[in-house]
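Here's the structure, in structure tokens; my notes come after.
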Amino acid sequence: MSELSEEMVAELLSLEKRNLIKNPHGAEQFEGWEITENGGSQWRVEELPGDCGKEFPDETVQSYFATSFELCLKKQVLDLRAEGYSEDLLDTVQPKITVQDW
């Protein structure tokens, strides 16, 4: 990797580590999500502890996505530039991106 410019280092340091997924645990039902497959009993949002029978380790999470016995898929497109990541940073640093929802 080439040496980072001062501007890229400043940009990296200014970006907080956060979940970029909108509505990751269904607090707003399916707002921000596109359901692409909805088989069987379909997608639903359940309140914790719900059928899983456990509290979630993060107290702010009060709901979760539940699927059916058949194929259920959903997707969300994230615009990393709109979230503050410059094209230079993405091309040069190629930061590790982790995706998860609950």
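Every value quoted in this text rests on a predicted model; they were computed, and no experiment measured them.
Looking at Ser63 and His25, their side chains come closer than 4.5 Å, going by heavy atoms from C-beta outward. The side-chain heavy atoms of Val45 and Tyr64, taken from C-beta on, include no pair separated by under 4.5 Å. Annotation: side chain of Leu78 is not in contact with side chain of Tyr85 (no heavy-atom distance under 4.5 Å).
Ser41 is linked by a side-chain hydrogen bond (donor to acceptor under 3.5 Å, both in side chains) to nothing, counting only residues two or more places apart in sequence or in another chain. Legend: residues meeting side-chain hydrogen bond (donor to acceptor under 3.5 Å, both in side chains) with Glu34, ordered by chain and number and at least two apart, are absent. Residues meeting the side-chain hydrogen bond (donor to acceptor under 3.5 Å, both in side chains) test with Thr60, sequence neighbours left out: Asp58. In this structure Arg44 satisfies the salt bridge (Lys or Arg N to Asp or Glu O under 4.0 Å) test together with Glu46, Asp51, sequence neighbours excluded.
Remark: Lys74 is not positioned above the aromatic ring of Phe30, lacking an NZ or CZ atom under 6.0 angstrom from the ring centre and at most 45 degrees off the axis.
Applying the salt bridge (Lys or Arg N to Asp or Glu O under 4.0 Å) test to pairs two or more places apart or on separate chains, those with a residue in residues 21-30 are Lys22-Glu83.
Other members of the cluster containing Leu73 are Leu71, with ILVMFWY side chains joined at under 4.5 Å, either directly or via other members.
Closest approach of Leu20 and Leu80 over heavy atoms only: CD1-CD2, 3.6 Å. Here the closest non-hydrogen pair linking Ile35 and Trp43 is CG2-CD1, 3.6 Å.
Atom CD of Gln94 and atom CG of Leu89 lie 10.0 Å apart (nearest 0.5 Å). Atom-to-atom distance recorded for Ile21:CD1 and Trp33:CH2 is 4.5 Å, nearest 0.5 angstrom.
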